[in-house]
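Input: a single structure, listed below in C-alpha coordinates.
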Amino acid sequence: MITIVIASYQYGHLAAHCIESILAQSMPPHKILFVDDGARDCQHLESLYPEIEYILRPKNIGTVKNFQDMLSRIKTEYVMFIGADNWLRSDAIELLSEAKTDIVTYDIVVTGELKDEILLRVPGQTKRYQGDYYWDRLQQHHGSMLYRTSLGQSIGYKKRYEDGKHPQEDWNLWDKMLEQGASVSSINEGLLYYRRHRENFLKYEFTDEEHLEVNKEKVQEIIPLE
(Lines give C-alpha, C1' and ligand atoms only; values in the text may rest on other atoms or scores of the structure.)
Protein backbone atom coordinates (compact mmCIF):
# COMPACT_ATOMS: atom_id res chain seq x y z
CA MET A 1 0.00 0.00 0.00
CA ILE A 2 1.21 3.48 -0.93
CA THR A 3 0.46 6.91 0.52
CA ILE A 4 1.12 9.96 -1.63
CA VAL A 5 1.96 13.22 0.15
CA ILE A 6 1.39 16.29 -2.03
CA ALA A 7 3.40 19.19 -0.61
CA SER A 8 2.61 22.78 -1.52
CA TYR A 9 4.09 26.16 -0.74
CA GLN A 10 2.75 28.94 -3.00
CA TYR A 11 1.69 26.33 -5.57
CA GLY A 12 -2.05 26.75 -5.12
CA HIS A 13 -2.44 27.82 -8.75
CA LEU A 14 -0.88 24.54 -9.95
CA ALA A 15 -1.96 22.01 -7.33
CA ALA A 16 -5.17 20.85 -9.01
CA HIS A 17 -3.16 19.48 -11.93
CA CYS A 18 -1.03 17.41 -9.54
CA ILE A 19 -4.08 16.15 -7.63
CA GLU A 20 -5.92 15.13 -10.78
CA SER A 21 -2.88 13.26 -12.10
CA ILE A 22 -3.00 11.11 -8.97
CA LEU A 23 -6.77 10.67 -8.91
CA ALA A 24 -6.56 9.55 -12.56
CA GLN A 25 -4.02 6.79 -11.87
CA SER A 26 -4.69 3.39 -13.44
CA MET A 27 -4.20 2.01 -9.90
CA PRO A 28 -4.92 4.62 -7.21
CA PRO A 29 -2.76 4.92 -4.08
CA HIS A 30 -4.19 3.78 -0.76
CA LYS A 31 -4.25 7.34 0.58
CA ILE A 32 -3.55 10.89 -0.58
CA LEU A 33 -2.49 13.60 1.88
CA PHE A 34 -2.22 17.23 0.85
CA VAL A 35 -0.27 19.75 2.91
CA ASP A 36 -0.01 23.50 2.43
CA ASP A 37 2.83 24.85 4.55
CA GLY A 38 1.32 28.19 5.45
CA ALA A 39 0.97 29.86 2.05
CA ARG A 40 -2.81 29.78 2.52
CA ASP A 41 -3.56 29.54 -1.19
CA CYS A 42 -5.05 26.04 -1.30
CA GLN A 43 -8.33 26.36 0.62
CA HIS A 44 -10.34 26.09 -2.61
CA LEU A 45 -9.10 22.53 -3.17
CA GLU A 46 -11.06 21.04 -0.25
CA SER A 47 -14.39 21.56 -1.96
CA LEU A 48 -13.09 20.46 -5.36
CA TYR A 49 -11.44 17.24 -4.14
CA PRO A 50 -13.08 16.24 -0.82
CA GLU A 51 -11.77 12.65 -1.06
CA ILE A 52 -8.29 13.88 -0.10
CA GLU A 53 -7.12 14.54 3.46
CA TYR A 54 -5.84 18.10 3.94
CA ILE A 55 -3.43 19.74 6.37
CA LEU A 56 -3.58 23.48 5.74
CA ARG A 57 -1.10 25.06 8.11
CA PRO A 58 -1.92 28.58 9.38
CA LYS A 59 1.80 29.45 9.45
CA ASN A 60 4.85 28.27 7.53
CA ILE A 61 6.99 25.85 9.56
CA GLY A 62 9.63 25.14 6.92
CA THR A 63 10.39 22.16 4.73
CA VAL A 64 12.16 19.96 7.28
CA LYS A 65 9.50 20.25 10.01
CA ASN A 66 6.70 20.05 7.48
CA PHE A 67 8.01 16.88 5.83
CA GLN A 68 8.89 15.31 9.17
CA ASP A 69 5.38 15.90 10.49
CA MET A 70 3.80 14.44 7.36
CA LEU A 71 6.07 11.39 7.43
CA SER A 72 5.06 10.72 11.03
CA ARG A 73 1.41 10.43 9.93
CA ILE A 74 1.99 7.67 7.35
CA LYS A 75 0.68 4.18 8.15
CA THR A 76 1.07 2.42 4.78
CA GLU A 77 4.06 0.26 3.84
CA TYR A 78 5.36 2.79 1.31
CA VAL A 79 5.25 6.56 0.94
CA MET A 80 6.09 9.06 -1.77
CA PHE A 81 6.29 12.86 -1.55
CA ILE A 82 5.52 14.98 -4.60
CA GLY A 83 5.58 18.74 -5.05
CA ALA A 84 2.17 20.19 -5.86
CA ASP A 85 3.67 21.86 -8.93
CA ASN A 86 4.62 18.49 -10.46
CA TRP A 87 2.54 15.56 -11.66
CA LEU A 88 2.67 11.80 -12.28
CA ARG A 89 2.25 9.74 -15.42
CA SER A 90 -1.06 7.90 -15.28
CA ASP A 91 0.44 4.43 -14.72
CA ALA A 92 3.06 5.52 -12.17
CA ILE A 93 1.38 4.06 -9.07
CA GLU A 94 0.56 0.82 -10.87
CA LEU A 95 4.23 0.34 -11.73
CA LEU A 96 5.43 1.42 -8.30
CA SER A 97 2.94 -0.88 -6.54
CA GLU A 98 5.11 -3.82 -7.58
CA ALA A 99 7.87 -2.59 -5.26
CA LYS A 100 9.82 -5.19 -3.33
CA THR A 101 12.86 -3.11 -2.37
CA ASP A 102 13.22 -0.46 0.33
CA ILE A 103 13.56 2.33 -2.23
CA VAL A 104 12.31 2.62 -5.80
CA THR A 105 13.61 5.36 -8.07
CA TYR A 106 12.43 6.21 -11.56
CA ASP A 107 13.22 8.69 -14.30
CA ILE A 108 12.06 12.30 -14.58
CA VAL A 109 10.74 14.39 -17.45
CA VAL A 110 11.75 18.02 -16.87
CA THR A 111 9.16 20.41 -18.25
CA GLY A 112 7.75 23.88 -17.74
CA GLU A 113 8.54 27.43 -18.78
CA LEU A 114 12.00 27.42 -17.16
CA LYS A 115 12.95 23.84 -18.04
CA ASP A 116 16.18 24.97 -19.74
CA GLU A 117 17.64 25.66 -16.27
CA ILE A 118 18.21 21.91 -15.90
CA LEU A 119 20.94 22.11 -18.53
CA LEU A 120 23.07 24.18 -16.18
CA ARG A 121 22.00 22.49 -12.96
CA VAL A 122 22.99 19.01 -14.17
CA PRO A 123 25.03 19.54 -17.34
CA GLY A 124 25.23 16.52 -19.62
CA GLN A 125 22.71 14.47 -17.64
CA THR A 126 19.59 15.15 -19.69
CA LYS A 127 18.44 14.50 -23.25
CA ARG A 128 15.85 16.14 -25.43
CA TYR A 129 12.53 14.34 -25.24
CA GLN A 130 9.21 15.31 -26.83
CA GLY A 131 9.94 19.01 -26.39
CA ASP A 132 11.11 18.53 -22.79
CA TYR A 133 14.19 16.95 -21.17
CA TYR A 134 14.57 13.35 -19.99
CA TRP A 135 16.58 12.84 -16.82
CA ASP A 136 17.75 9.26 -16.23
CA ARG A 137 17.77 8.53 -12.48
CA LEU A 138 18.83 4.88 -12.55
CA GLN A 139 19.76 3.91 -8.96
CA GLN A 140 19.93 7.61 -8.05
CA HIS A 141 18.16 9.86 -5.58
CA HIS A 142 15.36 12.29 -6.20
CA GLY A 143 12.80 13.95 -3.98
CA SER A 144 9.85 11.85 -5.16
CA MET A 145 11.43 8.44 -4.75
CA LEU A 146 9.17 5.75 -3.30
CA TYR A 147 10.50 4.36 -0.03
CA ARG A 148 9.56 2.02 2.78
CA THR A 149 7.81 4.07 5.44
CA SER A 150 9.27 2.33 8.48
CA LEU A 151 12.82 2.87 7.22
CA GLY A 152 12.17 6.51 6.42
CA GLN A 153 10.56 7.10 9.80
CA SER A 154 13.57 5.60 11.57
CA ILE A 155 15.72 8.34 10.00
CA GLY A 156 13.33 11.19 9.29
CA TYR A 157 13.57 14.53 7.55
CA LYS A 158 15.77 16.00 10.26
CA LYS A 159 18.75 17.44 8.44
CA ARG A 160 19.50 19.46 5.35
CA TYR A 161 22.37 19.27 2.94
CA GLU A 162 23.42 22.66 1.65
CA ASP A 163 24.87 22.76 -1.84
CA GLY A 164 25.31 26.51 -1.77
CA LYS A 165 21.97 27.26 -3.41
CA HIS A 166 19.12 25.28 -1.85
CA PRO A 167 18.43 22.69 0.88
CA GLN A 168 18.12 19.01 0.06
CA GLU A 169 16.75 17.25 3.13
CA ASP A 170 15.53 14.34 0.97
CA TRP A 171 19.10 13.71 -0.23
CA ASN A 172 20.19 13.34 3.38
CA LEU A 173 17.35 10.84 3.90
CA TRP A 174 18.52 8.88 0.83
CA ASP A 175 22.13 8.74 2.05
CA LYS A 176 21.12 7.63 5.53
CA MET A 177 18.83 4.90 4.18
CA LEU A 178 21.70 3.57 2.06
CA GLU A 179 23.99 3.64 5.09
CA GLN A 180 21.49 1.36 6.82
CA GLY A 181 21.66 -1.12 3.94
CA ALA A 182 18.50 -0.16 2.08
CA SER A 183 17.85 -2.12 -1.11
CA VAL A 184 17.22 -0.03 -4.24
CA SER A 185 15.52 -0.78 -7.55
CA SER A 186 14.79 1.50 -10.50
CA ILE A 187 12.09 1.81 -13.14
CA ASN A 188 13.57 3.04 -16.39
CA GLU A 189 10.50 5.12 -17.25
CA GLY A 190 9.79 8.84 -16.98
CA LEU A 191 7.03 8.71 -14.37
CA LEU A 192 7.40 12.16 -12.79
CA TYR A 193 6.88 15.41 -14.67
CA TYR A 194 9.08 17.92 -12.88
CA ARG A 195 7.89 21.45 -13.64
CA ARG A 196 10.30 24.39 -13.62
CA HIS A 197 8.29 27.62 -13.43
CA ARG A 198 8.29 31.18 -12.15
CA GLU A 199 7.10 30.34 -8.64
CA ASN A 200 9.41 27.40 -7.89
CA PHE A 201 10.25 27.26 -4.19
CA LEU A 202 13.73 25.97 -5.08
CA LYS A 203 15.51 28.67 -7.05
CA TYR A 204 18.66 28.25 -9.11
CA GLU A 205 20.65 31.43 -9.42
CA PHE A 206 22.18 31.80 -12.87
CA THR A 207 23.80 34.85 -14.41
CA ASP A 208 22.32 36.57 -17.45
CA GLU A 209 25.26 35.22 -19.42
CA GLU A 210 24.47 31.65 -18.36
CA HIS A 211 20.79 32.03 -19.29
CA LEU A 212 21.83 33.39 -22.67
CA GLU A 213 24.09 30.38 -23.19
CA VAL A 214 21.22 28.03 -22.42
CA ASN A 215 18.80 29.81 -24.72
CA LYS A 216 21.19 30.04 -27.66
CA GLU A 217 23.60 27.14 -27.58
CA LYS A 218 23.04 24.49 -24.93
CA VAL A 219 19.74 23.14 -26.24
CA GLN A 220 21.37 22.32 -29.58
CA GLU A 221 24.11 20.29 -27.92
CA ILE A 222 21.72 17.82 -26.29
CA ILE A 223 21.64 14.38 -27.93
CA PRO A 224 18.04 13.38 -28.82
CA LEU A 225 16.66 10.46 -26.85
CA GLU A 226 16.42 7.38 -29.06
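The figures that follow rest on heavy atoms only: side chains count, while hydrogens, waters and symmetry mates do not. Because the structure is predicted, anything quoted here is derived from the model rather than measured.
Judged as a side-chain contact (heavy atoms from CB on, under 4.5 Å), and not counting sequence neighbours, the contacts of Leu95 are Arg89, Asp91, Ile187, Leu191. Taking Arg148 as the reference, Glu77, Asp102 meet the salt bridge (Lys or Arg N to Asp or Glu O under 4.0 Å) condition, with sequence neighbours excluded. For Glu20, the salt bridge (Lys or Arg N to Asp or Glu O under 4.0 Å) criterion is met by no residue, not counting sequence neighbours. Residues passing the salt bridge (Lys or Arg N to Asp or Glu O under 4.0 Å) test with Arg40, sequence neighbours excluded: none. With sequence neighbours excluded, no residue forms a salt bridge (Lys or Arg N to Asp or Glu O under 4.0 Å) with Glu94.
Interatomic distance, Ser185 OG to Gln139 CD, rounded to the nearest 0.5 Å: 7.5 Å. Atom CD1 in Ile2 sits 9.5 Å away from atom CD in Gln25 (nearest 0.5 Å). Residue Arg198 holds its CZ atom at 15.0 Å from CD of Gln10, rounded to the nearest 0.5 Å.
Counting heavy atoms from C-beta on, the side chains of Ser154 and Gln180 come closer than 4.5 Å. For the pair Ile74 and Leu33, the minimum side-chain heavy-atom distance is below 4.5 Å. Proximity of Thr3 to Thr149: side-chain heavy atoms (C-beta onward) are nowhere separated by under 4.5 Å. A heavy-atom distance below 4.5 Å is not found between the side chains of Thr105 and Leu138. Contact check for Val184 versus Thr101: no side-chain heavy atoms found under the 4.5 Å cut-off. Contact annotation: the side chain of Ile93 approaches that of Ile4 to within less than 4.5 Å [non-hydrogen atoms, C-beta and beyond]. For the pair Leu119/Thr126, a side-chain contact is recorded, criterion being any heavy-atom separation below 4.5 Å from C-beta on. At a threshold of 4.5 Å between non-hydrogen side-chain atoms, the residues Leu88 and Leu192 count as touching.
Leu23 and Met27 fall into different hydrophobic clusters, defined by Ile, Leu, Val, Met, Phe, Trp and Tyr side-chain heavy atoms under 4.5 Å apart, directly or through other members. The cluster map of Ile, Leu, Val, Met, Phe, Trp and Tyr, joined by side-chain heavy atoms under 4.5 Å apart, puts Tyr129 and Leu114 in different clusters. Note on Leu14 and Ile32: separate hydrophobic clusters, where clusters join Ile, Leu, Val, Met, Phe, Trp and Tyr whose side-chain heavy atoms are under 4.5 Å apart, directly or indirectly.
Taking the six-membered ring where tryptophan is involved, the planes of His142 and Tyr106 are perpendicular, since the angle between them exceeds 60° and thus also 30°.
Among residue pairs with one or both ends in residues 46-86, those qualifying as ring pair (Phe, Tyr, Trp, His ring centres under 6.0 Å) are Phe34-Tyr54, Phe67-Phe81, Phe67-Tyr157, Phe81-Tyr157; sequence neighbours excluded.
When each of Lys127, Arg195, Lys115 is paired with Asp132, the side chain to side chain donor-acceptor pair (under 3.5 Å) condition holds for Lys115 and for no other.
Between the Glu169 side chain and the Gln68 main chain, no donor and acceptor come within less than 3.5 Å of each other.
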Using salt bridge (charged side-chain N to carboxylate O under 4.0 Å, His left out), reason through Arg73 and Asp69 one step at a time and then give a plain yes or no. CA-CA 7 Å; Arg73 299 169 184 257; Asp69 175 67; 3.0 Å; yes

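Side-chain contact, Tyr194 with Arg196: a donor N or O sits under 3.5 Å from an acceptor N or O.
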